[in-house]
Amino acid sequence: MSDSLLPLRRLMQTLTERAQTRPEGSYTTKLMAGGTGKIGEKILEEARELIEAADEPGEAGREHFIYEAGDLIYHTLVMLAYRGVDLDEVAAELGRREGTSGLVEKANRSQPKTDE
């Protein structure tokens, strides 16, 4: 993993620990206490804010967009930790899809499975 991505690894480790220990006074603990509903609300809120920030012009808009991307990624990682999914598992899934057109991958998902 690139050194620039080490903060993501450290954050995931912290969130995994918080999911297990649920320390009092932790924002992550508060989110996890609300379950997928509360965490999901935050993900939707942050996704909307990211989309809005994407239209902001100039360097200030770019910086706001980066800030909102961080918020969305954080809350997504909280959901992963809540579900007991490691970032490496998501990376492996993306690796599995690498080199496959998004349109092809989507079409493959919509195909009914048959018993042969």
Side-chain angles (χ1 to χ4, degrees):
M1 181 179 287
S2 166
D3 286 348
S4 67
L5 297 179
L6 287 176
L8 286 177
R9 168 61 43 216
R10 288 192 301 267
L11 176 58
M12 193 70 221
Q13 288 172 339
T14 299
L15 295 174
T16 299
E17 179 183 307
R18 298 259 166 94
Q20 295 167 353
T21 63
R22 306 283 175 101
E24 195 170 322
S26 161
Y27 175 65
T28 302
T29 296
K30 181 180 175 183
L31 286 171
M32 290 187 178
T36 57
K38 179 67 174 172
I39 301 166
E41 284 176 17
K42 287 302 294 181
I43 290 171
L44 289 171
E45 174 187 327
E46 298 303 339
R48 282 189 293 273
E49 291 175 4
L50 177 71
I51 293 164
E52 290 169 7
D55 284 333
E56 295 175 10
E59 187 60 28
R62 184 176 190 280
E63 289 177 16
H64 185 215
F65 177 74
I66 292 167
Y67 179 87
E68 294 300 341
D71 281 353
L72 179 58
I73 291 168
Y74 165 79
H75 287 91
T76 301
L77 293 178
V78 169
M79 184 72 86
L80 291 175
Y82 180 79
R83 287 294 315 255
V85 174
D86 190 75
L87 194 53
D88 289 336
E89 293 176 85
V90 177
E93 173 59 19
L94 292 173
R96 183 189 68 76
R97 297 181 195 178
E98 191 172 1
T100 302
S101 161
L103 296 174
V104 170
E105 197 277 330
K106 185 175 181 177
N108 288 340
R109 279 187 280 149
S110 63
Q111 296 292 325
K113 297 201 178 201
T114 60
D115 293 331
E116 293 183 30

Exercise. Given Glu46 and Leu50, is the side chain to side chain contact (heavy atoms under 4.5 Å, CB included) satisfied, shown in steps?
Worked result: CA-CA 6 Å; Glu46 298 303 339; Leu50 177 71; over 6 Å; no

Problem set entry | Residue pair Leu31, His75: steps toward the side chain to side chain contact (heavy atoms under 4.5 Å, CB included) verdict | CA-CA 9 Å; Leu31 286 171; His75 287 91; 3.7 Å; yes

Exercise. Would Thr29 and Glu24 satisfy side chain to side chain contact (heavy atoms under 4.5 Å, CB included), going step by step from the backbone distance to the final call?
Worked result: CA-CA 7 Å; Thr29 296; Glu24 195 170 322; over 6 Å; no

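To the nearest 0.5 Å, atom OG1 of residue Thr14 and atom CZ of residue Arg10 are 9.0 Å apart. Atom CD of residue Glu89 and atom CZ of residue Arg83 lie 10.5 Å apart, to the nearest 0.5 angstrom. Remark: Leu72 CG to Lys42 NZ distance equals 11.0 Å, nearest 0.5 Å.
By the 30° and 60° cut-offs, the orientation of the rings of Tyr27 relative to Tyr74 is parallel.
His64 contributes no side-chain N or O that, together with a main-chain N or O of Ala60, makes up a donor-acceptor pair within less than 3.5 Å.
Side-chain contact of Thr28 with Tyr82: a donor-acceptor pair under 3.5 Å is absent, judged by distance alone.
Of all heavy-atom pairs spanning Ala53 and Phe65, the tightest one is CB-CA, 3.7 Å. Nearest approach of Ala81 to Met32, heavy atoms of both residues: CB-CE, 3.7 Å. Considering all non-hydrogen atoms of both residues, Pro23 and Arg18 come closest at CG-CD, 3.4 Å.
The side-chain contact (heavy atoms from CB on, under 4.5 Å) check on Leu44 picks up Arg48, with sequence neighbours excluded.
Ile51 and Ile73 are not part of a single hydrophobic cluster, where members link through side-chain heavy atoms under 4.5 Å apart. Follow the hydrophobic side-chain contacts under 4.5 Å out from Ile66 and you never reach Ile43; the two are in separate clusters. Transitive grouping of hydrophobic side chains (ILVMFWY, heavy atoms separated by less than 4.5 Å) brings Val90 and Leu15 into a common cluster.
More than 12 non-hydrogen atoms from other residues, nucleotides or ligands lie less than 6.0 angstrom from CD of Glu59. For Lys38, the NZ atom sits in a loose shell: 12 or fewer heavy atoms of surrounding residues, nucleotides or ligands are nearer than 6.0 Å. Within a 6.0 Å radius of CZ in Arg22, more than 12 heavy atoms belonging to other residues, nucleotides or ligands are found.
Here the side chains of Ile39 and Thr36 are not in contact, with every heavy-atom distance at 4.5 Å or above.
Taking 4.0 Å as the cut-off between side-chain N and carboxylate O, Asp86 and Arg9 count as a salt-bridged pair.
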